[in-house]
Amino acid sequence: MKKSFYPKLAIDGIKKNKRLYFPYILTEMVMVMMSYIISFLSASEMLEHMEGGSTLRMILPLGSVVIGVFSLIFMFYSNSFIIRQRNKEFGLYNVLGMDKGNLGRIICWESLFVSIISIIGGLIFGIAFSKLAELIMYNLLSEKTTYTLQIDFISAGKVSLLFAGIYFLLLLKFIIKVCRSNPLELMRSGNTGEKPPKANWLSAVAGVIILAIAYYIAVSIKNPLSAIVWFMVAVIMVIVATYMLFVAGSVAFCRILQKNKKYYYKSNHFVSVSSMVYRMKRNGSGLASICVLVTMVMVMLSATMSMYIGAEDSFATRYPKDISIRLGVPDIKYFDEKSFEKMRDSINELAPERENVLEMPCISVAGLFTEEGMIIDQESHAEFDISTYDNIGYVQIITLEDYNRAMGVNESLEKDECFIYCYRTEYLNDTFTIENCMPLRVKEVLDKICIPNYMVLEIVPMVVIVTSDIETLAEPLLSIKNSWDNSVLQMSWNYDFDIDGDADEEKAVYNKIDRGIPDIAIHEESGDYNYGLVSRATERSEFFGMYAGLLFMGILLSIVFLFATVLIIYYKQITEGYEDHKRFEIMQKIGMTTHDIRRSVNSQVLTVFFLPLLLAGLHLAFAFPILWKLLQMFGFSNMELMIGVTAVSYAVFAVVYVLVYKITSNVYYGIVSGGRM
């Protein structure tokens, strides 16, 4: 045979199967394009010189990893549709005299052409749209950029190697699949039905139980720290349960429809239901994949859009004052007015133009919240285990004098009384007891309090105790050591204030204080000291850089997942159309009209069409509480905004989903009614 024979057959095979290859190549081009854009932006030198650029440098590479892993999984998944449709063709080649070596050459050439078109086309679009992506990213950060188009050859090389490797693995899979099959198996592969999975009711019940547990985890999370730990666990459980429900549930659903004689024995339902029974396992797997991808898109978009739209409110909540100073107090002997006055005077020299001062000395201790108060000695109590980490948090103790000054009130407390303020937790008992300390009667549970900036940033439960006798309360805690032989009691002097000036003046004050901290802080015997210093002006760029980066990443990944969803829906319609063509052809011979075919197609589409979208909506609803907790870690506090954005995201995606299914159902109808390619 001539050397050009195999390439010609490969090109003809791609052309004849353009319905299969065109959307597949287009989707892979989108993935290559997105991978290049993210890699290009990650390596951009402009990020080094822009405010918030360092945060984006950390976020963007995560997107590259996600797209790379997803591309590997999805390309194997979608490639299986192509293999299934091409099996009969390769079986025919084998029957006509081609050995498996000849088939391997054709497959190699096809894979080479597809990979070259996908990678080069994706890189071309990636280079063309990289500047647009850069402009969008810089616009999100309110930064200016040039309009010069650049090409990052290193990023192009990395992306090319990544996808070339994936295509090589797909080639091996394709060759092994064909070479291990005999011609008759290949010829019959498209007409071989599937056996219903065993114990489908058991699998369906197990899926419901797993899903219920995942939902319970999502709605029962009490604090953001728990949300971090349990989020991925819940996600994996939801994915597993979704596949179990759709695979086993589709079997049960079809059998229920078949037993309903009034429904089943109608021309528009009989063919559609029997067709679904014929491929129920694969049908359920495809629907589950669509449901999972739809859920991923809506979760990412609703979360990142909510964060970006509410960024200003989140920033104001997270950084209530222009400058926040936290100076550690190494010994109880320094926790007095004399030491505080010295530090206050030092700051006054560096920042004389301050206003709205919040000064609050504080004693804190970490431990486990109980119904009676807090346990702090881990080694002596069995209650400290992984099942109780939801209740691990801090008690912050402040004086009544500081509370009255901060709140502008004149409250009074007895020695054994206290006010408490609960942050990310609640407390219902009449007394509060810190281990080894005397019980304090809770005079009132406060609904608001002025607290230092560092307390606002806490992501674990926190209880603020206001007492008239802080020394007596703290004394029993001084002797308790943690596992590092350090005191469990932490003391600090917190001083937050605003600057009467613009951002540049605020940064100038921040820099002065930062340089003067060694002279302000109280030093330990070793000469060390600890402090925290935060400025709204210096944190603003990184804060909004993170929010913009997350939104930008959410948009890019949503586009990739959306294309993947569309391709799965398309392939589902294509493969089912070719499988159902013979059955509809037989039905036409016994009197089925084109109108009946259209009704049957609509029946099949509507029977399963809304299931992935409805279950994705249910997933999203139950994911909302855990997403809310995760967003609270970033200072997000506008639940109404998040509800609105989530509802709009679902509605918009539902419209897109309907349009996609409408278009692909027309393709299905065209195949089953006339078998046109």
Side-chain angles (χ1 to χ4, degrees), residues 51-52 311-330 334-364 396-411 421 423 446 448-458 462 464 466 470 490-523 528-544 635 637:
E51 294 185 338
E312 284 291 350
D313 290 340
S314 300
F315 185 72
T317 301
R318 194 174 176 89
Y319 302 102
K321 299 289 185 181
D322 290 340
I323 302 286
S324 299
I325 306 170
R326 183 171 188 256
L327 297 171
V329 179
Y334 298 117
F335 200 80
D336 57 14
E337 180 57 30
K338 181 180 178 181
S339 301
F340 302 155
E341 184 176 2
K342 180 182 176 182
M343 292 186 286
R344 193 184 306 124
D345 291 341
S346 298
I347 293 174
N348 184 45
E349 294 178 6
L350 298 172
E353 299 298 326
R354 64 194 186 284
E355 58 186 21
N356 302 325
V357 175
L358 174 63
E359 179 183 350
M360 191 166 288
C362 180
I363 292 176
S364 65
Q396 311 280 357
I397 309 169
I398 64 175
T399 67
L400 176 63
E401 181 183 355
D402 291 324
Y403 169 76
N404 284 335
R405 183 174 60 248
M407 300 298 294
V409 295
N410 188 26
E411 299 287 351
Y421 171 77
Y423 184 67
L446 305 173
K448 71 175 183 175
I449 191 172
C450 290
I451 54 177
N453 180 73
Y454 87 92
M455 292 187 189
V456 178
L457 301 181
E458 288 289 355
M462 180 179 69
V464 180
V466 181
I470 195 169
Q490 301 295 316
M491 294 170 285
S492 63
W493 180 74
N494 308 285
Y495 198 80
D496 301 352
F497 57 90
D498 292 327
I499 296 294
D500 184 15
D502 57 19
D504 290 335
E505 292 175 294
E506 182 183 325
K507 290 179 182 179
V509 172
Y510 168 84
N511 292 329
K512 283 182 182 180
I513 296 175
D514 191 34
R515 290 191 297 268
I517 282 291
D519 298 324
I520 303 172
I522 300 174
H523 295 252
D528 295 333
Y529 58 91
N530 68 80
Y531 76 99
L533 178 62
V534 175
S535 164
R536 283 170 55 96
T538 57
E539 295 293 327
R540 185 178 183 84
S541 58
E542 294 300 328
F543 182 87
F544 282 89
S637 58

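All values below were derived from every heavy atom in this structure, side-chain atoms included, with hydrogens, water molecules and symmetry-related copies excluded.
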Legend entry - Flag side-chain contact, heavy atom, 4.5 Å: Glu411 against Val466: no
Inset, instruction - Of all the heavy-atom pairs spanning Ile347 and Ile520, show the shortest one and how long it is. - result: CG1-CD1, 4.1 Å
Inset, instruction - State, to 0.1 Å, how close Ala537 and Ala503 come at their nearest heavy-atom pair, and which atoms those are. - result: CB-O, 3.8 Å
Inset, instruction - Check for a donor-acceptor pair, side chain of Asn494 on one end and backbone N or O of Met360 on the other, with a separation under 3.5 Å. - result: yes
Legend entry - 4.5 Å side-chain heavy-atom contact, Glu505 and Asp502: yes
Legend entry - Lys/Arg N to Asp/Glu carboxylate O, Asp402 vs Arg405, below 4.0 Å: yes
Inset, instruction - With the side chain counted from C-beta on, respond yes when Ile398 and Ile449 share a heavy-atom pair under 4.5 Å apart, and no when they do not. - result: yes
Inset, instruction - Give a yes or no on whether a salt bridge exists between Lys512 and Glu349, defined as a side-chain N under 4.0 angstrom from a carboxylate O. - result: no
Legend entry - Any residue meeting ring pair (Phe, Tyr, Trp, His ring centres under 6.0 Å) with Phe335, in chain and number order, not counting sequence neighbours: Phe340
Legend entry - Separation of Met343 CE from Glu341 CD (nearest 0.5 Å): 11.0 Å
Inset, instruction - Mind checking the CZ-CG spacing from Phe497 to Asn348? Nearest 0.5 Å is all I need. - result: 10.0 Å
Can you give the donor-acceptor pairs under 3.5 Å from side chains of residues 319-329 to other protein atoms, not counting sequence neighbours?
unit_1	atom_1	unit_2	atom_2	d
Lys321	NZ	Asn356	O	2.9
Asp322	OD1	Arg536	NE	3.4
Asp322	OD2	Ile499	N	2.8

Legend entry - Closest non-hydrogen atom pair between His523 and Pro518, with its separation: NE2-O, 2.8 Å
Inset, instruction - Please check if the side chain of Asp496 supplies one atom and the backbone of Pro452 the other of a donor-acceptor pair under 3.5 Å. - result: no
Legend entry - Under 3.5 Å donor-acceptor, Thr538 side chain and Val534 backbone: no
Legend entry - Ala406 to Leu358 - nearest heavy-atom pair and separation: CB-CD1, 3.5 Å
Inset, instruction - Give a yes or no on this: more than 12 heavy atoms of other residues, nucleotides or ligands lie within 6.0 Å of atom CZ of Phe315. - result: yes
Legend entry - Interatomic spacing from CD1 in Ile522 to CE in Met491 - rounded to 0.5 Å: 9.5 Å
Inset, instruction - Could you grab the distance from atom CG of Asp504 to atom NZ of Lys507, nearest 0.5 Å is fine? - result: 6.0 Å
Inset, instruction - Taking the side chain as every heavy atom from C-beta outward, state whether Lys448 and Met407 have any atom pair closer than 4.5 Å. - result: yes
Inset, instruction - Please report the C-alpha distance between Glu312 and Arg540 in whole Å, then the side-chain angles of each, then the deciding distance to 0.1 Å, and finally whether the salt bridge (charged side-chain N to carboxylate O under 4.0 Å, His left out) criterion is met. - result: CA-CA 10 Å; Glu312 284 291 350; Arg540 185 178 183 84; 2.5 Å; yes
Inset, instruction - I would like to know whether Val464 and Tyr403 meet side-chain contact (heavy atoms from CB on, under 4.5 Å); could you show each step before the answer? - result: CA-CA 11 Å; Val464 180; Tyr403 169 76; over 6 Å; no
Legend entry - Stepwise side-chain contact (heavy atoms from CB on, under 4.5 Å) check, Met462 with Ile451: CA-CA 12 Å; Met462 180 179 69; Ile451 54 177; 4.2 Å; yes
Legend entry - Counterpart residues, ring pair (Phe, Tyr, Trp, His ring centres under 6.0 Å), relative to Tyr421 (two or more places apart): none
Inset, instruction - Could you grab the distance from atom SG of Cys362 to atom CD1 of Ile397, nearest 0.5 Å is fine? - result: 7.5 Å
Legend entry - Pairwise distance CD(Glu359) to CH2(Trp493) - rounded to 0.5 angstrom: 5.0 Å
